Asks: 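Before I ask anything, let me first share the structure, which is written out below as structure tokens.
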Amino acid sequence: MKLDEVANVASILTAVVAAGAAVCYWCDRRSKVRRLEQYLKTEMAKNAGGAAHTMIHLMAELGMAEAEILHASFASRHVKHLVRKDEETGLADVLLFEYSETRKVI
């Protein structure tokens with residue numbers, strides 16, 4: 001084999017590996033969004049009042065890191081973000097997550 005043939009094969013293999021890695025990344029990200037949506041939807045069905053959940057609760061139940069939950073919630077069209085204010089300061093205290101049947105525009 002000549003050096004130019006090896007270079008061509010290497011460039012093709014690089015493209016194939018990059019495409020495979022992109023597909024794996026996309027599937028993993030989509031899986032996390034679906035897990036979060038499904039959990040919040042199930043919890044909303046259990047509680048007629050539709051209780052919102054904190055980050056710590058979701059981390060414990062889903063086994064995902066804080067950043068993964070945030071990325072999944074912002075990528076989702078059904079997860080609604082709510083803010084609970086501190087009574088003393090009036091500033092945002094806790095970020096809450098809730099499932100919404102109506103789709104939000106991303």
Side-chain angles (χ1 to χ4, degrees):
M1 273 186 153
K2 295 181 183 178
L3 190 56
D4 60 337
E5 292 173 353
V6 173
N8 288 338
V9 170
S11 67
I12 291 170
L13 286 177
T14 301
V16 169
V17 170
V23 168
C24 288
Y25 173 77
W26 181 83
C27 288
D28 182 55
R29 186 171 174 193
R30 185 67 193 139
S31 169
K32 289 175 184 173
V33 170
R34 286 187 185 205
R35 281 178 47 206
L36 178 63
E37 286 178 349
Q38 188 61 39
Y39 178 76
L40 291 175
K41 186 176 184 178
T42 304
E43 288 295 308
M44 186 182 75
K46 286 181 189 176
N47 303 331
H53 296 285
T54 64
M55 178 70 72
I56 299 293
H57 175 81
L58 293 174
M59 288 170 64
E61 291 296 321
L62 298 174
M64 293 166 50
E66 183 175 357
E68 292 172 326
I69 293 172
L70 284 174
H71 285 291
S73 69
F74 289 126
S76 171
R77 293 179 183 251
H78 291 283
V79 176
K80 188 165 72 170
H81 302 94
L82 306 169
V83 177
R84 184 172 49 188
K85 293 183 180 180
D86 185 4
E87 295 294 327
E88 294 178 12
T89 63
L91 299 175
D93 186 32
V94 178
L95 180 62
L96 301 169
F97 301 89
E98 185 177 71
Y99 184 83
S100 174
E101 289 293 334
T102 58
R103 297 178 73 171
K104 65 181 179 182
V105 178
I106 295 179

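Bear in mind the structure is a predicted one, so any value in this text is a computation, not a measurement.
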Asks: Decide if atom CD of Glu5 counts as having more than 12 heavy atoms of other residues, nucleotides or ligands within a radius under 6.0 Å.
Replies: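 Enclosed.
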
Asks: Does His71 reach the side chain of Lys32, with side-chain heavy atoms less than 4.5 Å apart?
Replies: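 SC-SC contact between His71 and Lys32 ruled out.
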
Asks: Let me confirm one number: the CG-NE2 distance from Leu62 to His57, rounded to the nearest 0.5 Å.
Replies: 8.0 Å

Asks: For a 4.5 angstrom cut-off between non-hydrogen side-chain atoms, does Glu68 reach Arg29?
Replies: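 A side-chain contact is absent here, since even the closest heavy-atom pair is not under 4.5 Å.
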
Asks: Where do Arg77 and Glu37 come nearest, in terms of heavy atoms and distance?
Replies: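 Heavy atoms only, the tightest pair is N-OE2, 3.8 Å.
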
Asks: Per the salt bridge (Lys or Arg N to Asp or Glu O under 4.0 Å) rule, which among Lys41, Arg84, Lys80 passes with Glu98?
Replies: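 It is Lys80, the one option of Lys41, Arg84, Lys80 that forms the salt bridge (Lys or Arg N to Asp or Glu O under 4.0 Å) with Glu98.
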
Asks: Once rounded to the nearest 0.5 Å, what's the spacing between atom CD of Glu61 and atom CD of Glu43?
Replies: 7.0 Å

Asks: In Å, rounded to the nearest 0.5 Å, how long is the span from CG of Leu70 to CE of Met55?
Replies: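 Separation between the atoms: 3.5 Å.
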
Asks: Quick one: CG on Asn8 to NZ on Lys2, what's the gap to the nearest 0.5 Å?
Replies: 12.0 Å

Asks: Heavy atoms, side chains only, cut-off 4.5 Å: are Leu40 and Met44 in contact?
Replies: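 With C-beta onward as the side chain, the pair stays apart.
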
Asks: Provide the closest heavy-atom pair for Lys85 versus Gly90 in the form atom of the first, atom of the second, distance.
Replies: CD-O, 3.7 Å

Asks: With the side chain counted from C-beta on, respond yes when Thr54 and Leu96 share a heavy-atom pair under 4.5 Å apart, and no when they do not.
Replies: yes

Asks: Classify the ring geometry of His81 against Phe97: parallel below 30°, tilted from 30° to 60°, perpendicular beyond 60°.
Replies: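 It falls in the perpendicular class, over 60°.
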
Asks: How far apart are the closest heavy atoms of Ala72 and Met64, and which atoms are they?
Replies: CB-CE, 4.3 Å

Asks: Rounded to the nearest 0.5 Å, what separates atom CZ in Arg34 from atom SG in Cys27?
Replies: 9.5 Å

